[in-house]
**Q** 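Before we start, here is the structure in question, set down as C-alpha cells.
Residue numbers count from 1 along this sequence.
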Amino acid sequence: GLRVRALVIKGANGFRPIRTVLELLPEKSGLAPGVVQAAQRGQRIVADFCPQPPPLPDATAERFPGGRAAQAAQHALEMTSLVAGIARWDGLPGVLRRGGVAQRDHRRFAADAGAAPEVWSTAMHAAWSLGLLAHDGEDWQATAELAAHLEADDADQWALLVDAWLSSSHIPSLAGEPVDPSPTGSGSRAGGPQAALSDETRRAGARERRRLLLQHIAAQARERDVRASTDAVMHLAAWLFPLVPAPGVQQEARFALAEAEAWGLLADGVPTALLESVLSGERAAEALRALLPPQVDQVILDSDLTITVPGRPTAAVQRLLEWAESDGRGPAATGRFTPSSIAAALRTGTSADHMLHALRDRAITPVPQALEFLITDEARKVGRIEVRSAQSVLTGEEVHLDRLFASDEASMLGLVRLAPTVALATVRPALAADLARRAGMVATGDTDASAPHPRSARRASAPAAGRPAVPAAMLISAGEGTQGPTDPSLRLEPAEAVRRIRAAEENPSASRHGVSDRIRAAIADGGELRLGIVDGRGGIVEKRARPLSLNAGRLTARDAADGTEFTVLVHRVTLG
C-alpha cells in the first residue's frame with residue numbers, strides 16, 4: 001500500500017521512505033527498514049494524513065439578500081477613506097530610529113480615524129507600498145503622488161491599494177506584536193513590539209503564503225458557499241505549509257483573514273465577488289463598482305444639526321461631511337455638526353459665508369436656523385486674522401506714495417497701505433529701493449540690512465526691551481532720480497526674482513514637490529546636492545551641501561565646504 005501511494009521506493013537494500021515522509025516525521029523517529037516493515041503490517045507512520053485540502057464549513061444563509069455585498073463595499077470604501085485621511089493629518093507621526101511609526105502615534109491616528117489599529121496599519125502599509133506615504137527622516141507625511149491618487153474614482157483607488165497589499169511581503173497586522181524570532185520573521189532585534197511601516201513586519205514567503213491561502217479559499221467557494229472560519233483556515237494553512245512552524249502559520253492565517261475582511265474580500269468570513277477579481281488581477285475596480293450604489297450630490301439637513309447623505313457621497317458632498325462629526329461611514333453617511341467640528345473647519349481657512357453657501361447649494365432641505373446660528377457664532381469666536389509677509393517699511397509724503405502705488409513697479413513691490421504716509425513691501429529694502437528708483441523716485445534709508453548705512457546705524461541697532469524689531473524704513477521723495485548701481489551679486493533681473501519669490505510664497509506646494517522629492521532622496525542616500533539659494537534681492541548663492549532633514553517646508557543641510565549647518569525655506573531652493 002505504501003508503494004502504491006508513492007510513500008516508499010524500492011532500492012538495493014529494500015524499501016526506503018521518500019524525502020517528504022522523512023520531513024513530516026519527527027527528527028528522532030528512528031525511521032529505518034524496520035519502521036517501514038511495521039507500516040506494511042498495518043501500523044501507521046503518521047497520525048493523520050489527508051490527500052486533499054481540508055474543507056471549509058458551509059456558509060449560513062444571508063439574513064438580508066445582498067447584505068454581504070453591501071458590507072464588502074462599505075469596508076472597501078473605508079480603506080480608501082483611511083488613505084485619503086493622510087492628507088488631513090493633524091500633526092505628523094514621527095519616525096523611529098529603527099524605522100516605522102511609534103505605538104503611541106499608531107494608536108492615536110487609528111483612534112482619530114475611527115478604525116482598529118490593525119485596519120489602520122493595513123491601509124497605511126498599502127499606501128506606503130504605492131509611494132503615497134513616505135518620510136524625510138523625521139516625520140511621515142503624504143507625498144506628491146497622493147493628490148493624483150485621490151483624483152481617481154473610489155473603485156480605482158481601492159483596486160490599486162488592495163493589489164499593493166496582496167503583492168507585499170509585509171504582514172501589517174503584526175504591528176504591535178512582539179518581534180518574531182523564528183526564521184520566517186524579521187528577527188531584527190529582541191523583544192517587541194513591532195513597529196508599523198517598518199521592515200519588522202516583513203516575513204519571508206508571506207506574500208506567497210497569503211496568495212495561496214486565499215486561492216484555496218476561492219477555489220472551494222466556486223463549488224459551494226463556504227465560510228472561512230478562523231479554525232478552519234488555520235487547519236488549511238497547516239496542511240498547505242507543513243514546514244512552517246505551527247505558531248507562525250496560525251498567526252499568518254489569522255491575520256490574512258482579518259486583513260482580507262478589511263479590504264472587503266470576505267464578509268463575515270464568506271468570500272465575496274471581490275476576492276476572485278483581486279486574485280485574477282483583472283477588473284477589480286469594475287467588481288467593486290458593481291457593488292457600489294450610485295453617487296449622490298445632495299444632503300439632508302435636520303434641525304437637530306445632523307447631516308445625512310442618502311447614498312454614496314460625491315467629492316463635493318464629502319467635503320461637507322468633514323465639517324461634522326461622523327456618526328457612520330460607508331455607502332450612506334451621517335454626521336452631526338458641533339461647535340468643535342465647525343471651529344475646526346473654520347481654522348482650516350473656510351469662511352462662515354462659504355460654509356453656508358455650500359450647504360444651501362447641496363441641501364435638499366432648507367438650512368436650519370440653528371445651524372446658521374452655530375456657524376456664525378463659531379466664526380465670531382474663532383475670529384480671522386490675515387497674515388501677510390512684509391520685509392520693508394516705506395514712509396513718505398502721501399502724494400509720493402500715491403505715485404508709487406500707481407506705478408508699474410507697485411505689483412512687484414507687493415505694497416500694502418497702512419496709513420497715508422506708511423506702506424509695507426514684501427521685498428527686502430535693497431530691492432524695494434531699486435524698484436522705487438525705477439518709478440522715478442529717490443530712495444534713502446537702510447537699503448541693505450547686511451551693511452547698514454552709517455546714518456541709519458542707530459536706527460538699525462537692537463530694539464528696546466519689550467519692543468519688536470521692525471524692518472528699517474526707506475524714505476521716499478520726489479525727484480528725477482535714476483536707477484542705482486546694480487548690486488554685483490545679482491544674477492537675475494530684480495523683477496524676475498521678485499516674481500519667482502512671490503509665486504513660491506503664495507503657492508509653496510506647487511514649486512516644492514520636484515525639489516522636495518530630490519532632497520528626500522538625497523537624505524535617504526546620504527548624498528550631496530548643489531543647491532542654489534535665492535535671496536530677497538534676486539541673488540543666488542550656490543552651495544555644495546548634504547541635506548540632513550526636511551520638515552515643515554524647511555531644509556536643514558550641512559555645507560560641504562566648511563561643515564557648518566544651515567536652514568532655509570525649501571521654496572527658496574533650486575537644484576543644479
Side-chain angles (χ1 to χ4, degrees), residues 70 73-74 76-90 112-114 142 146-158 285 288-289 291-388 506-507 509-510:
Q74 179 177 345
L77 291 180
E78 287 176 354
M79 296 299 273
T80 61
S81 178
L82 288 176
V83 173
I86 297 173
R88 301 186 297 273
W89 273 355
D90 183 14
D112 291 345
L146 179 63
H149 174 80
L150 296 180
E151 292 178 359
D153 179 77
D154 287 340
D156 292 321
Q157 293 181 35
W158 172 84
L288 175 58
R289 202 171 284 117
L291 301 181
L292 295 175
Q295 288 186 307
V296 296
D297 201 28
Q298 292 182 308
V299 301
I300 300 173
L301 302 176
D302 292 325
S303 57
D304 61 353
L305 301 180
T306 58
I307 176 173
T308 303
V309 182
R312 184 162 61 103
T314 61
V317 170
Q318 184 62 42
R319 285 192 286 270
L320 304 187
L321 288 172
E322 293 171 3
W323 301 340
E325 293 183 358
S326 176
D327 287 340
R329 298 195 305 268
T334 59
R336 183 179 300 275
F337 296 106
T338 64
S340 59
S341 70
I342 295 297
L346 291 169
R347 283 194 292 268
T348 64
T350 303
S351 67
D353 290 339
H354 171 73
M355 295 179 74
L356 291 173
H357 175 76
L359 290 170
R360 293 189 186 104
D361 187 48
R362 301 292 176 185
I364 300 174
T365 56
V367 177
Q369 192 175 45
L371 180 55
E372 290 193 29
F373 287 161
L374 176 62
I375 293 174
T376 54
D377 287 348
E378 288 303 318
R380 200 176 300 115
K381 294 177 186 177
V382 172
R384 295 183 65 84
I385 297 177
E386 185 177 357
V387 179
R388 301 182 65 178
E506 290 174 1
N507 187 15
S509 62

**Q** How close do Leu346 and Ala352 get, counting heavy atoms only, and between which atoms?
**A** CD2-N, 3.8 Å
**Q** Taking atom CG of Asp361 and atom CD of Gln298, what is their separation to the nearest 0.5 Å?
**A** 9.0 Å
**Q** Decide yes or no on side chain to side chain contact (heavy atoms under 4.5 Å, CB included) for Ile307 and Trp323, but give the supporting numbers first.
**A** CA-CA 10 Å; Ile307 176 173; Trp323 301 340; over 6 Å; no
**Q** Flag the pair Arg347 and Glu378 as a salt bridge only when some basic side-chain nitrogen lies within less than 4.0 angstrom of an acidic carboxylate oxygen.
**A** no
**Q** For Gln157 and Ala152, indicate whether the former's side chain and the latter's backbone hold a donor-acceptor pair under 3.5 Å.
**A** yes
**Q** Between Asp154 and Arg289 (salt bridge meaning N to carboxylate O under 4.0 Å), is one present in this structure?
**A** no
**Q** Using 0.5 Å steps for rounding, measure from the CG atom of Asp112 to the CH2 atom of Trp89.
**A** 11.0 Å
**Q** Roughly how far, to the nearest 0.5 Å, is the NE2 atom of His149 from the CD1 atom of Ile86?
**A** 8.5 Å
**Q** Do Thr306 and Thr334 come close enough that some side-chain heavy atom pair is under 4.5 Å?
**A** no
**Q** Check whether any side-chain heavy atom of Phe337 lies under 4.5 Å from a side-chain heavy atom of Leu301, and answer yes or no.
**A** yes
**Q** Sorted by first residue and then second, give each salt bridge (charged side-chain N to carboxylate O under 4.0 Å, His left out) pair with at least one member in residues 292-301; sequence neighbours left out.
**A** Asp297-Arg362
**Q** For a quick test of reading the model, state the closest non-hydrogen atom pair linking Ser303 to Ala370 and the distance between them.
**A** O-CB, 4.3 Å
**Q** Quick one, Ile375 and Leu356 - any side-chain contact, counting heavy atoms below 4.5 Å?
**A** yes
**Q** Between the main-chain N or O of Asp304 and the side-chain N or O of Asp302, is there a donor-acceptor pair closer than 3.5 Å?
**A** no
**Q** Check Leu288 against Ala73 and note the closest heavy-atom contact, atom names and distance.
**A** CD1-CA, 4.1 Å
**Q** Does Leu374 reach the side chain of Leu305, with side-chain heavy atoms less than 4.5 Å apart?
**A** yes
**Q** Where the side chain of Ser81 meets the backbone of Leu77, is there a donor-acceptor pair that is under 3.5 Å apart?
**A** no
**Q** Do Gln295 and Thr314 have side-chain atoms, one donor and one acceptor, less than 3.5 Å apart?
**A** no
**Q** Determine the minimum heavy-atom distance between Ala324 and Ser341, stating which atoms define it.
**A** CA-OG, 3.9 Å
**Q** Measure across Leu82 and Ala113 and return the closest heavy-atom pair with its distance rounded to 0.1 Å.
**A** CD2-CB, 3.4 Å
**Q** Does the side chain of Ile364 come within less than 4.5 Å of Val299's, by heavy atoms?
**A** no
**Q** Has the side chain of Arg312 got a donor or acceptor atom that lies under 3.5 Å from a matching backbone atom of Pro293?
**A** yes
**Q** So do Ile342 and Met355 actually touch side chain to side chain, heavy atoms under 4.5 Å?
**A** yes
**Q** When you compare the side chains of Asp353 and Ser351, does any donor N or O come within less than 3.5 Å of an acceptor on the partner?
**A** no
**Q** Taking the side chain as everything from C-beta on, heavy atoms only, tell me whether Leu321 gets closer than 4.5 Å to Ser326.
**A** no
**Q** Got a sec, which residues hit side chain to side chain donor-acceptor pair (under 3.5 Å) with Arg88, two or more places apart in sequence or on another chain?
**A** Glu322
